[in-house]
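Remarks on the structure that follows.
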Protein chains: 2
Amino acid sequence: MSTEGLKEARRLLRSQGKRVTPQRLLLFEVMQEHGGHLDADELYLLAKKREPRISLSTVYRTLSLLKELDLIEELHFDEEHHHYEIKGRGAEHYHLICLGCGEIIEFESPLTDHIKAQVKSDHDFEVTGAHIDLKGYCKRCRQRS
Amino acid sequence: MSTEGLKEARRLLRSQGKRVTPQRLLLFEVMQEHGGHLDADELYLLAKKREPRISLSTVYRTLSLLKELDLIEELHFDEEHHHYEIKGRGAEHYHLICLGCGEIIEFESPLTDHIKAQVKSDHDFEVTGAHIDLKGYCKRCRQRS
DNA sequence: CTACTTGCAAAGAGTTTGCTAGGCC
DNA sequence: GGCCTAGCAAACTCTTTGCAAGTAG
């Protein structure tokens with residue numbers, strides 16, 4: 001399950017042309033394992049236990065990258081101090097992949113539940129997980145042609 | 001269905017004076033089976049499971065060869081990082097993958113059309129292709145536990 | 001047998017990291 | 001002071017290339 005999240009992180013980094021570095025994976029992993037919210041310094045100290053050479057700037061840079069990729073959430077408990085936490089691995093989400101510009105839009109749909117129900121009755125198959133990618137063209141790319 | 005594509009690949013390679021090597025067939029096959037989009041490294045790792053001696057350079061060289069032969073499509077998710085996918089369509093079918101016994105059942109569902117319609121109205125996104133994998137447990141495997 | 005291909009190692013292009021030195025409430 | 005960013009050389013990721021060994025036709 002936690003490796004699932006890691007793969008997802010790799011995939012997202014890749015698809016955005018970001019490089020998959022050990023530091024980024026380590027920081028993501030630490031956040032995942034820790035579960036709750038962390039601030040930059042706490043994350044730094046935890047990561048340092050495993051990779052003492054990691055730098056605080058990398059922590060900050062990685063946090064904003066992960067936030068940009070929507071993998072973590074920034075919590076403003078107070079003005080001076082930001083906390084971060086892994087985004088809800090809760091609701092399943094799927095992807096719209098634009099073949100024109102490469103943008104990846106995440107979506108959810110209750111219809112996926114209907115598909116599961118149908119598959120259950122048609123094939124007597126109990127679905128536990130789904131992976132849905134829809135490819136096509138986004139509004140902007142369609143307008144350009 | 002999938003052997004159809006393989007034969008086509010052989011034929012095309014031949015007709016262009018390219019040699020039909022196990023590596024090229026393997027890589028093409030992996031891409032075909034995977035269905036969705038892959039980048040060079042993902043393809044490399046998948047292929048390595050079946051033929052551990054394959055090299056990353058072969059993956060890159062084969063990808064550009066297959067692109068040249070128009071057997072795969074290069075998706076520019078961003079400037080420097082490319083993804084690839086098998087060309088050519090056909091009746092869309094999706095997969096049920098049993099986590100117990102590994103069986104893969106193909107299915108179709110009109111509901112996928114509804115998802116496309118919904119995605120169109122919600123995100124103004126025109127779907128041209130879909131890749132849907134549902135994982136879970138088939139009847140037999142459920143009865144055994 | 002000959003020309004095309006592969007695997008390896010290493011180069012290249014471009015990004016990311018770790019420092020150190022600041023900047024901002 | 002406490003928290004975060006900037007600038008830059010060095011390190012690294014991803015891709016391509018050169019070459020000797022291997023293989024298809």
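Note on naming: letters A, B, ... go to the chains in the order of the sequence lines (proteins, then strands), and numbering restarts at 1 for each one.
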Min side-chain heavy-atom separation B:C101-B:R140 under 4.5 Å: yes
Find which nucleotide of DNA chain D each of A:V20 and A:Y84 is nearest to by heavy atoms, and output the residue with the more 5' nucleotide. A:Y84
Integer-rounded Å distance: C:dT15 C1' and A:E68 CD: 14 Å
Please determine whether side chain to side chain contact (heavy atoms under 4.5 Å, CB included) holds for the pair B:T58 and B:R24, giving the CA-CA distance in whole Å, both sets of side-chain angles, and the decisive distance to 0.1 Å. CA-CA 8 Å; B:T58 298; B:R24 288 172 178 174; over 6 Å; no
Regarding A:S109 and B:Q118, is there a side-chain donor-to-acceptor distance under 3.5 Å anywhere? yes
How many whole angstroms separate atom NE2 of A:H82 from atom P of C:dC24? 16 Å
So which protein N/O to nucleotides 4-8 of chain C N/O distances come out below 3.5 Å?
from: C:dC4; atom 1: O4'; to: B:R19; atom 2: NH1; distance (Å): 3.4
from: C:dT5; atom 1: OP1; to: B:R19; atom 2: N; distance (Å): 3.0
from: C:dT5; atom 1: OP1; to: B:R24; atom 2: NH1; distance (Å): 3.1
from: C:dT5; atom 1: O5'; to: B:R24; atom 2: NH1; distance (Å): 3.3
from: C:dT5; atom 1: O5'; to: B:R24; atom 2: NH2; distance (Å): 3.0
from: C:dT6; atom 1: OP1; to: B:T21; atom 2: OG1; distance (Å): 3.0
from: C:dT6; atom 1: O3'; to: B:Q23; atom 2: NE2; distance (Å): 2.8
from: C:dG7; atom 1: OP1; to: B:Q23; atom 2: NE2; distance (Å): 3.3
from: C:dG7; atom 1: OP1; to: B:R53; atom 2: O; distance (Å): 3.3
from: C:dG7; atom 1: OP2; to: B:S55; atom 2: N; distance (Å): 3.2
from: C:dG7; atom 1: OP2; to: B:T58; atom 2: OG1; distance (Å): 2.5
from: C:dG7; atom 1: N7; to: B:R61; atom 2: NH2; distance (Å): 2.7
from: C:dG7; atom 1: O6; to: B:R61; atom 2: NH1; distance (Å): 3.1
from: C:dG7; atom 1: O6; to: B:R61; atom 2: NH2; distance (Å): 3.3
from: C:dC8; atom 1: N4; to: B:S57; atom 2: OG; distance (Å): 3.1

On DNA chain D, check which nucleotide each of B:D41 and A:D41 is closest to and give me the residue with the more 5' one. A:D41
Atom CG of A:L66 to atom P of C:dT16: distance rounded to whole Å? 13 Å
Evaluate the criterion side chain to side chain contact (heavy atoms under 4.5 Å, CB included) for residue pair B:F28 and B:L25; output intermediate values, then yes/no. CA-CA 5 Å; B:F28 183 78; B:L25 293 178; 5.7 Å; no
Among B:T62, B:L43, B:L71, whose side-chain contact (heavy atoms from CB on, under 4.5 Å) with B:M31 holds? B:L43
Could you work out how much the helix from C:dC1-D:dG25 to C:dC25-D:dG1 bends, comparing the axis of its first five pairs with that of its last five, to 10°? 40°
Does OP1 or OP2 of D:dC4 have a side-chain N or O of A:Y60 closer than 4.0 Å? yes
Report the distance from atom OH of B:Y44 to atom P of D:dT13, rounded to the nearest whole Å. 15 Å
Tell me, do B:E126 and B:K120 make a side-chain contact under 4.5 Å, heavy atoms counted? yes
What I want to check is whether the side chains of A:E74 and A:Y84 have a donor and an acceptor closer together than 3.5 Å. yes
So, using side chain to side chain contact (heavy atoms under 4.5 Å, CB included) as the criterion, who are the partners of A:D113 when residues are at least two apart? A:K116
Atom-to-atom span, CZ of B:R14 to C1' of D:dA24 - whole angstrom: 9 Å
Flag the pair A:D133 / A:Y94 as yes when at least one side-chain heavy-atom distance between them is below 4.5 Å, and no otherwise. no
Could you state the CG-P distance from A:L43 to D:dC3, rounded to the nearest angstrom? 14 Å
Whole-Å distance separating the CG atom of A:L45 from the C1' atom of D:dC3: 14 Å
Would you kindly give the CG-to-C1' distance between A:D39 and D:dC4, to the nearest whole Å? 12 Å
